[in-house]
Protein chains: 2
Amino acid sequence: MSAPKLLLVEDDTALAELLEYRFASEGYEVRTSADGDEALMMAAEDTPDLVLLDWMIEGTSGIEVCRRLRRDKATAHVPIIMLTAREAEDDRVRGLETGADDYVTKPFSPRELLARVSAVLRRVRPALAGETIETGDIKLDPVAHRVERRGRALQIGPTEYRLLKFFMEHPRRVFSRSQLLDAVWGTGSEIEERTVDVHIRRLRKAIALDNARDPIRTVRSAGYALEPV
Amino acid sequence: MSAPKLLLVEDDTALAELLEYRFASEGYEVRTSADGDEALMMAAEDTPDLVLLDWMIEGTSGIEVCRRLRRDKATAHVPIIMLTAREAEDDRVRGLETGADDYVTKPFSPRELLARVSAVLRRVRPALAGETIETGDIKLDPVAHRVERRGRALQIGPTEYRLLKFFMEHPRRVFSRSQLLDAVWGTGSEIEERTVDVHIRRLRKAIALDNARDPIRTVRSAGYALEPV
DNA sequence: CATTTTTTCGACAGATTTGTGACAATAAGA
DNA sequence: TCTTATTGTCACAAATCTGTCGAAAAAATG
């Protein structure tokens, strides 16, 4: 399984290094920035799976970073855990309103933060936490790299697996062919858009059961979506 | 998702370039003009989603541009944020009276302006921010690209979807055929006006339910409007 | 009531978009 | 090395959508 990618935005160097070390040793891939604008750039370049955001950083404030992350389509759904020094109620409230998923009040133990991160990831993108995702009657176990539907194991190729996993992480949402290319094939892949159609067909075939409805919805002139049956 | 279109009216070239760059990198589509009359022409050609209007521009004054935008049916309801250099109370009051939606006092940070723009757009056109819109008994989810009425999913073609979405973003308002052509088909589409009628009919058919009233009102010799049931 | 204007409706051919099977190239595994 | 899977593209078929007409219906006008 691929290591969850964290983006840590923290200008206290000592704390940042400590956390970086602890998370790395727990199997996370961590990148750090002390500066809000830089962090936003890093997030834009390579979308992280979760952002740890200090509320009190220099330059662009934490709340603003949060807003901007939410506003950009690519990072709009990345979970954010804010690290706040203040006990101040309204800071937390404002944070959660702005779209943070959870907060941790300083001082905190690395262990506590690890637990929160794991919890948020489990809730938002179960596959990253190594947990089985279930959408409708389809179950996907990212650790075993196995997919089953109504108890029956499905045989499914690598690309179709990634495609299905992506869909299951964002059920009901419509994705254009180019969005799917970016998400499943990687940004900048120079692949024909129509190729997506072919893989959709292969995926449909792979997850088809005699008496089950096709859970993949074609949205004409827009793209495809996975609808839980 | 289509990028929100902004029209920036600002004669301070340096500021204009800065803003243009920042907004572009946030996913907006920006056109700029330093001149009031030119700006009005641009707005007429391709209706923007929001206008950023400097109050103190050369030639036609900001307040006049604002008035004229409000007077033209096509741009009457486009939100306007005015950029005012003065702290002067009466300038802001006059602006809001003339029909501006919000104001930002110079000097301001691009960040602050971004926040205002986002807030105004969210308030005025939720679908641009990916929120579901609800008009009467019809619900439209732009993310899932799905329309339902009284809980029942509707089957609806691409053009009818765009048409309905536009109507739902501006309920109760009457639009002429040429306004609809501009908004739904795109400016400069060389399509027969009568064609709108046909798509209205198709939309009516698509959203019809046995026991429900037709929510689309025909306004003879003027156009069509969506009336929440 | 007859006339004029405007809108609705059904039909249709052409255009777009999507589904599908086949195929060569490449990668992976035995 | 030899087999077997997987991948990305095509070309063609199938499905769906589009823009226009012209006739019929409805609404205003006088």
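Just so it is clear, the values below take in all heavy atoms, side chains as well, and ignore hydrogens, waters and symmetry mates. Computed from a predicted model, the values in this text were never measured in an experiment. So that the names make sense, note that chain A is the first sequence line, chain B the second, and so on, each numbered from 1.
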Distance, rounded to the nearest Å, where A/L203 contributes CG and D/dT6 contributes C1': 15 Å
B/D101/B/R116 ion pair, N-O < 4.0 Å: no
Spacing between B/H199 atom NE2 and D/dC17 atom P, to the nearest angstrom: 11 Å
Value in whole Å for how far the P atom of D/dG8 lies from CG of A/L163: 11 Å
Distance, rounded to the nearest Å, where A/R220 contributes CZ and D/dA14 contributes P: 16 Å
Worked check of salt bridge (Lys or Arg N to Asp or Glu O under 4.0 Å) between B/D49 and B/K5: CA-CA 5 Å; B/D49 294 309; B/K5 286 180 287 187; 5.5 Å; no
Between D/dA25 (C1') and B/R201 (CZ): distance, integer Å: 13 Å
Heavy-atom check, side chain of A/V174 versus side chain of A/R217, under 4.5 Å: yes
Sugar-phosphate, base or nothing in reach of B/Q155, heavy atoms under 4.0 Å: nothing
Terminal helix-axis angle for the helix from C/dC1-D/dG30 to C/dA30-D/dT1, with five pairs defining each axis and rounding to 10 degrees: 30°
A/D137 vs A/R149, salt bridge (Lys or Arg N to Asp or Glu O under 4.0 Å): CA-CA, chis, key distance, verdict: CA-CA 6 Å; A/D137 56 2; A/R149 189 171 187 194; 3.1 Å; yes
Touch class at under 4.0 angstrom, heavy-atom based, for B/Y161 against every strand present: nothing
Rounded distance in Å - CD1 (A/I156) to P (D/dT7): 11 Å
Quiz item: B/R194 side-chain donor-acceptor pair to D/dG22 base, under 3.5 Å: no
Residues, nucleotides or ligands: over 12 heavy atoms within 6.0 Å of B/K139 NZ: no
Proximity of B/F175 and B/F166 rings by center, below 6.0 Å: yes
Least distance between heavy atoms, A/M168 atom then A/P171 atom: O-CD, 3.4 Å
Nucleotide nearest B/V198 when distance is taken to its side chain, options D/dA26, D/dT9, D/dT20: D/dT20
Residue whose nearest DNA chain C nucleotide is more 5′ - B/I200 or A/V219: B/I200
Sugar-phosphate only, base, or nothing, as touched by A/E160 at under 4.0 Å among non-hydrogen atoms: sugar-phosphate
Carboxylate-amine/guanidinium contact B/R122 B/E131, below 4.0 Å: yes
Test item: B/R202 side-chain N/O and B/D197 main-chain N/O as donor-acceptor pair under 3.5 Å: no
N or O in side chain of A/W185 less than 4.0 angstrom from D/dG8 OP1/OP2: yes
Closest listed nucleotide, where the reference is the side chain of A/R202 and the choices are D/dT20, D/dA15, D/dT9: D/dT9
Sugar-phosphate only, base, or nothing, as touched by A/T195 at under 4.0 Å among non-hydrogen atoms: base
Outermost DNA chain C nucleotides near chain A [under 4.0 Å, heavy atoms]: C/dT16 to C/dA22
Partners passing ring pair (Phe, Tyr, Trp, His ring centres under 6.0 Å) against A/Y21 (at least two apart in sequence or in another chain): none
Length of the line joining B/I191:CD1 and D/dG19:P, which is rounded to integer Å: 4 Å
Length of the line joining B/R217:CZ and D/dA27:C1', which is rounded to integer Å: 15 Å
